[in-house]
Amino acid sequence: MEKIQTLRGFRDILGDERKKISFIENISRRYLSLFGFSEITIPVLEKTELFIRSIGDTTDIVEKEMFTFTDRSGESVSLRPEATAGMVRAYLQEGLYTKERVSKLFTIGPMFRHERPQKGRFREFHQINVEVFGVGDPLIDAELLWMVSLILNEIEVSNYKCEINSVGCPECREGFKKELMAYFKGYTDGLCDDCVKRLQRNPLRIFDCKNTQCTSISKESPLLFDHLCMPCREHFERFLTYLKEFNLFFTINKRLVRGLDYYTKTVFEFTSDELGAQKAFVAGGRYDNLIEGMGGPATPGCGFAIGMERLALLVKKEYTETQPNFFFAYVGEEARTYLIPVLKAFSKEGLRLRYSYEDKSLKSQMRYADSLHADYVLILGDEEIGKKIFIVRDMKQKRQSEMPLDLITLPQKITEHIHR
RNA sequence: GUGGAUGUAGCUCAGUUGGCAGAGCACCGGGUUGUGGCCCCGGUUGUCGUGGGUUCAAGUCCCAUCAUCCACCCCA
């Protein structure tokens, strides 16, 4: 029979990688709570329309990367390719803007994009998504970056770069696009096919092209950054001031662009060159017109996403288990009758105990205990039952001692024994 | 969607000009009638990714196909 495997780009996450992701989640939850964020869980499947309206119908994500299908009632639905759209939908649907002045929300879960997998990129991947609705001041932009840096510091990831930029607002962008198109028109022959298309649809994307000809042409082109309108320029300047007050290290990358249409003003990316070609592991920015564009009240927004699989690749920290591992080794029929009572006594004290489910030789049980990294092995056989004792073997010290065969006092005695 | 590399035991991989499918690790048992890691001995594990073709004979050569990885595109 043919074995059934996961779909391309879908994977099981287990072992060390899963531990690292849990570690990242735990630390992140702690800081998010500290900064006043509440966790929210939103659906993985939404109406396709939601993503088209928020992300933009000419973006690659919407055009060719969504898992879209019609459900049994004939409606077009899509697995979420990112979380911000759903977060905004929930914010509006749940009427949070009527309940609180500022909403600080985060969600943790899978996203889906139908792309070709490669290092650090999968069709199903996991993000922590953080959003702030209702704050227009760049202080929040800086606060978010500060929080990210604290989380990274806590998980001991330091080999990264933080890049920032401003992509302006629709007003300064429209004026600039004309200027940019005028510039590139003079070089149409030198641009690659993709960039010729981009010229019509979204000339800002030409900056992203890695084609050497295109980069040399765009290197000399005017930059949106230098053509920001006064409010956008001022927003950015204040953002810089706050970043410095938080003592954050960053570089301004005037060519940094985002793949989603809704971004305005601040955009940022945390990158690491340990990650291969997909080097951004945290990215986000401001979206001041998105909520209004989705049918809500004019509300500014700012947020970011952490790519869990990518960040996990950067986590080097080893996890040392602090809770001891106990193992119960029994020899003979009578000893086996003690198994369940011993289990009960240990679980009552919150102690972790494992054992062999099959009646094996003591040697085999000891080997098994060792493979489970047991710290202490309780040994019970006919001899011990006769003497009314347990043997407690310290696997690290290679020493063992005797303890009374009394299940009520046993866990406590062992705990005392360990701490001696 | 495009390009390159790779598919042999649970894992990492070797396999010569086509000639009986291998090693290490892991796992199980024993060496010690009841004591782990190191050591020694023994044992289990395979549609050689799949389907065709060439050949007396294919893991090896040819074609197709699927999957994985890396890169492009794009992105967390």
Side-chain angles (χ1 to χ4, degrees), chain A residues 1-11 15 24 55 59-66 80-84 108-130 148 192-195 197-198 202 205 208-211 214 256-260 268-272 275-285 303-314 325 327 329-332 335 358 360-384 391-400:
Chain A
M1 258 239 297
E2 198 188 330
K3 278 186 213 159
I4 297 174
Q5 291 189 35
T6 52
L7 297 169
R8 166 174 289 184
F10 286 68
R11 352 174 278 137
I24 296 166
I55 300 167
T59 56
D60 281 21
I61 292 179
V62 168
E63 275 191 337
K64 51 189 195 195
E65 292 174 4
M66 285 208 294
R80 59 183 185 192
E82 58 102 48
T84 304
I108 300 181
M111 306 296 154
F112 304 86
R113 288 183 202 171
H114 199 279
E115 300 178 275
R116 206 56 178 261
Q118 68 186 77
K119 186 178 170 74
R121 188 169 75 186
F122 309 100
R123 289 187 174 181
E124 181 189 36
F125 58 100
H126 298 79
Q127 290 187 338
I128 297 180
N129 235 262
V130 179
V148 171
C192 69
D193 294 349
D194 283 334
C195 282
K197 281 180 217 151
R198 289 188 181 110
N202 193 350
R205 292 279 200 82
D208 264 351
C209 189
K210 276 149 195 148
N211 180 302
C214 299
L256 185 66
V257 208
R258 309 265 72 228
L260 295 81
F268 55 87
E269 229 169 60
F270 287 72
T271 62
S272 167
L275 292 177
Q278 312 305 322
K279 58 199 186 95
F281 61 95
V282 174
F304 66 88
I306 301 175
M308 303 301 273
E309 288 87 349
R310 290 185 187 176
L311 183 49
L313 289 172
L314 301 177
N325 291 309
F327 188 94
Y330 51 92
V331 182
E358 291 156 71
K360 296 267 189 170
S361 70
L362 183 58
K363 180 192 191 122
S364 167
Q365 291 186 67
M366 292 301 287
R367 276 186 180 163
Y368 186 39
D370 193 55
S371 76
L372 296 173
H373 305 111
D375 299 295
Y376 298 91
V377 177
L378 277 74
I379 301 168
L380 187 69
D382 293 340
E383 265 180 51
E384 289 75 23
I391 289 173
V392 177
R393 179 168 177 83
D394 183 329
M395 298 294 273
K396 296 220 168 65
Q397 303 295 321
K398 301 182 191 180
R399 277 199 299 249
Q400 56 193 48

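A, B, ... follow the sequence lines: proteins, then strands. Residue 1 opens every chain.
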Does [X] make a side-chain N or O approach to OP1 or OP2 of [N] shorter than 4.0 Å?
| X | N | value |
| --- | --- | --- |
| A/Lys360 | B/G29 | yes |
| A/Gln118 | B/A71 | yes |
| A/Arg116 | B/A71 | no |
| A/Ser371 | B/G36 | no |

At under 4.0 Å between heavy atoms, what does [X] touch on the DNA or RNA strands: base, sugar-phosphate, or nothing?
| X | answer |
| --- | --- |
| A/Val377 | nothing |
| A/Phe125 | base |
| A/Ser361 | sugar-phosphate |
| A/Gln400 | base |
| A/Ala280 | sugar-phosphate |
| A/Lys119 | sugar-phosphate |
| A/Glu383 | base |
| A/Asp382 | base |
| A/Glu384 | base |

Can you tell me the Watson-Crick or wobble partner of [N], both distances under 3.5 angstrom?
| N | result |
| --- | --- |
| B/G37 | none |
| B/A67 | B/U6 |
| B/G22 | B/C13 |
| B/C28 | B/G42 |

- Task: Step by step, work out the salt bridge (Lys or Arg N to Asp or Glu O under 4.0 Å) result for A/Arg258 and A/Glu269.
- Result: CA-CA 9 Å; A/Arg258 309 265 72 228; A/Glu269 229 169 60; 2.3 Å; yes
- Message: Taking donor-acceptor contacts at under 3.5 Å, does the side chain of A/Arg121 reach the base of B/C70?
- Response: no
Among [options], find the nucleotide with the atom closest to the side chain of [X].
| X | options | value |
| --- | --- | --- |
| A/Arg113 | B/A76, B/G34, B/G36 | B/A76 |
| A/Lys398 | B/G37, B/G34, B/C69 | B/G37 |
| A/Lys64 | B/C73, B/G34, B/A76 | B/C73 |
| A/Arg8 | B/A67, B/C73, B/G36 | B/A67 |
| A/Asp370 | B/U35, B/G37, B/C73 | B/G37 |
| A/Arg367 | B/A67, B/G31, B/A76 | B/G31 |

- Give the rounded distance in Å between these two atoms: CD of A/Glu65 and P of B/C75.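 After rounding, the reported distance stands at 7 Å.
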- Message: Using atom C1' in both nucleotides, what's the gap between B/U16 and B/G51 to the nearest angstrom?
- Response: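 Comparing C1' positions in B/U16 and B/G51 gives a spacing of 28 Å.
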- Rounding to the closest angstrom, what is the interatomic distance between B/A9 and B/G22 at atom P? 14 Å
- Item | Backbone N/O of A/Ile61 and side chain of A/Arg113: donor-acceptor pair under 3.5 Å |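 Here the side-chain-to-backbone pair does not exist.
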